[in-house]
Amino acid sequence: MTLRPLSLLAAAALVLAAACTPGTGGGGGGDGKSFEFWSFAAINQKASVDAYRQKHSDVEIKLTEVGTSTETAQALTTALAGGKVPDLVLIQGDNLPKFVQQPQNFVDLRTLGADDIKGDYLDWVMKQSVAKDGEVLGVPTDVGGMAIAYRTDLFAAAQLPTDPAAASALWPTWDAFIETGKRYKQATGKAFIDNAATSVFYQAVNQVSEKYYSEGRELVYDRNPQVRAAFDLGVKAATAGITAGQTSFESAWSAGLAQGAYAAVAAPSWMLNTIRSTAPDTKGKWAIAKIPGGAGNWGGSYLAIPKRAKNPQAAWNYIKEMQSPQGQLEHFARAGALPSTPSVYQDAKLSSLKDPFFTDAPTGKIYTDSLLGLKPFYIGPDSATIGQEFLNSITNVEQSGGNPATAWDDALRNIKTAIG
């Protein structure tokens, strides 16, 4: 999940311009081995591509990091409408449902062997990529078990406990997390978290049993008490004076991460690589604690093959090898993306893994434990848009003086305009 407000159309235009340039775009080399791969940035797909190249020196992979996950989805939408498509594309989970409604635009992966491997993946994750007539349109690459990353040096300065178990005990609930933020702010005069929208609301709303759609696939975002409770927590955090007001993944947010402008940040498993690459000089200053509420999932992506891909078999070969249980386990060790293949959850390479960047936090156990007790909910075609408008409304309160009393109604009005 990437929330930077960059120009979607500009990103799409750049990708499509490259795709339409002779000799550079649309499929691989046409030899049945090489392929073109579109990914979003900041998740280290290059590491997986490099690992595959080492094993298959005769395969050429053209990796394009399009931009944010939203920008990548927008570029794909534009390409599917008539431009040249890649052979392989990474689609973030919240963006996937719109594409699942367009099975005619994608290769049904059952024709390449998906039935033989679909049992390797968490059932509720795999189901999200299945179209109405049973077509399998994507293979899950990861899930986003949740936690809180915090700076032990900054906690110590505020006389807060630095041990992960003791830190976790500070916030069994989100209300307690906000109260901890107030203690930190009172002790230091500095921000506790980066922002309220993603570090509070977006975590809490991904811990519900029903989100923006009912299990019957009916829109319920405007009357679901679980969504309203998560939204109210976001507004409470936004008005508590505990945030830095830095929108996730923007340049100021990245600078704040490196400079210690805030002491804690929501950290789904994939965020660890973002912290590591954005703030390399902070190694050994971070630790990982449990998320308030204990369980939840933010994120997870899928690899799909567009129907007009020139080299679908080459793309499938990559999916089958790199997204196998062993392939996902190796990627977790490299980049921290939590496998969607539960057979490896007890593997010592995962369960015993400790991350020296995060003070030897047992990241394998922390993130697999965060999926225990999770109640999966249906993600619908407008989930990403709905979520973004809720985020925007909370950010408006936090950063632009928006009225907290009308924030919920403002969000509902904007959602209705956005989704029609």
Side-chain angles (χ1 to χ4, degrees), residues 1-3 69 92-94 142-150 164 167-168 170-181 191-212 221 224-240 242-249 253 257 262-272 274-275 286-300 336 338 363 366-377 379 383-384 386-395 397-398 411:
M1 173 80 188
T2 312
L3 304 167
S69 57
Q92 202 272 337
D94 279 355
D142 65 302
V143 285
M146 300 197 303
I148 297 290
Y150 65 98
S168 300
L170 291 172
W171 50 68
T173 66
W174 282 107
D175 284 317
F177 183 78
I178 294 170
E179 290 304 311
T180 301
F192 177 60
I193 54 173
D194 51 348
N195 63 72
T198 55
S199 277
V200 177
F201 164 71
Y202 217 76
Q203 309 311 298
V205 83
N206 279 309
Q207 295 176 309
V208 299
S209 59
E210 183 178 79
K211 196 175 175 184
Y212 305 140
Y221 67 89
N224 183 347
Q226 295 182 79
V227 173
R228 180 61 191 265
F231 184 87
D232 288 346
L233 283 168
V235 172
K236 183 178 180 179
T239 56
I242 65 171
T243 79
Q246 300 295 346
T247 301
S248 298
F249 310 111
W253 177 90
L257 196 67
Y262 42 88
V265 62
S269 53
W270 48 264
M271 181 69 82
L272 302 189
T274 300
I275 296 172
W286 294 91
I288 308 293
K290 291 181 179 180
I291 196 82
N297 181 71
W298 175 22
L338 187 64
T363 50
I366 287 170
Y367 285 110
T368 52
D369 283 355
S370 76
L371 294 178
L372 299 176
L374 177 66
K375 298 177 181 179
F377 48 77
I379 299 174
S383 286
I386 293 166
Q388 187 61 58
E389 292 300 340
F390 280 132
L391 288 164
N392 291 345
S393 187
I394 293 169
T395 300
V397 171
E398 178 186 62

>> Can you list everything that forms a ring pair (Phe, Tyr, Trp, His ring centres under 6.0 Å) with Y212? Sequence neighbours excluded, please.
In response: F390

> Do S383 and Y221 have side-chain heavy atoms sitting under 4.5 Å apart?
Replying inline: no

>> List the residues meeting side chain to side chain contact (heavy atoms under 4.5 Å, CB included) with V208, not counting sequence neighbours, and say none if there are none.
In response: K211, Q226, F377

> So how far is it from S199 OG to Q246 CD, rounded to the nearest 0.5 Å?
Replying inline: 12.0 Å

> Looking at residues at least two apart in the chain, or sitting in another chain, which of them share a ring pair (Phe, Tyr, Trp, His ring centres under 6.0 Å) with F177?
Replying inline: W171, W174, F192

> For Q92 and G299, which heavy atoms make the closest approach, and how far apart are they?
Replying inline: NE2-CA, 3.6 Å

> Nearest 0.5 Å, what's the CD-CG distance between Q388 and L391?
Replying inline: 5.0 Å

>> Any donor-acceptor pair under 3.5 Å linking the side-chain atoms of W253 with those of D194?
In response: yes

> In Å, rounded to the nearest 0.5 Å, how long is the span from CD1 of I148 to OG1 of T180?
Replying inline: 10.5 Å

>> Quick one: does any side-chain atom of Q207 pair with a main-chain N or O of A295 as donor and acceptor, under 3.5 Å?
In response: yes

>> Just so I know, are the side chains of F231 and S393 near enough to count as touching, which here means a heavy-atom distance under 4.5 Å?
In response: yes

> Could you walk me through whether L338 and W270 pass the side chain to side chain contact (heavy atoms under 4.5 Å, CB included) check?
Replying inline: CA-CA 7 Å; L338 187 64; W270 48 264; over 6 Å; no

>> Could you measure the distance from the CD1 atom of I288 to the OG atom of S269? Nearest 0.5 Å is fine.
In response: 10.5 Å

> side chain to side chain contact (heavy atoms under 4.5 Å, CB included) with T243: which residues, sequence neighbours excluded?
Replying inline: I193, A196, E398

> Taking atom OG1 of T247 and atom CG of N392, what is their separation to the nearest 0.5 Å?
Replying inline: 9.0 Å

> Does the side chain of P268 come within less than 4.5 Å of M271's, by heavy atoms?
Replying inline: yes

> Minimum heavy-atom separation for A384 to D94, with atom names?
Replying inline: CB-O, 3.6 Å

> Got a sec, which residues hit salt bridge (charged side-chain N to carboxylate O under 4.0 Å, His left out) with E210, two or more places apart in sequence or on another chain?
Replying inline: none

> Which pair of heavy atoms, one from I178 and one from A240, lies closest together, and at what distance?
Replying inline: CG2-CB, 4.1 Å

>> Using 0.5 Å steps for rounding, measure from the NZ atom of K375 to the CG atom of N297.
In response: 16.0 Å

>> Quick check: closest heavy atoms across Y202 and V205, and the distance to 0.1 Å?
In response: O-CG1, 3.7 Å

>> Ignoring hydrogens, what is the shortest heavy-atom contact between A237 and I242? Give both atom names and the distance.
In response: O-CG1, 3.8 Å

> Between T395 and N195, does any side-chain donor sit less than 3.5 Å from a side-chain acceptor?
Replying inline: no

> Of the non-hydrogen atoms in P164 and A289, which two are nearest, and what is the gap between them?
Replying inline: O-CB, 4.1 Å

> What residues, two or more places apart in sequence or in another chain, satisfy salt bridge (charged side-chain N to carboxylate O under 4.0 Å, His left out) together with K236?
Replying inline: D175

>> Apply side chain to side chain contact (heavy atoms under 4.5 Å, CB included) to residues I291 and W298 and explain how you reach the verdict.
In response: CA-CA 12 Å; I291 196 82; W298 175 22; over 6 Å; no

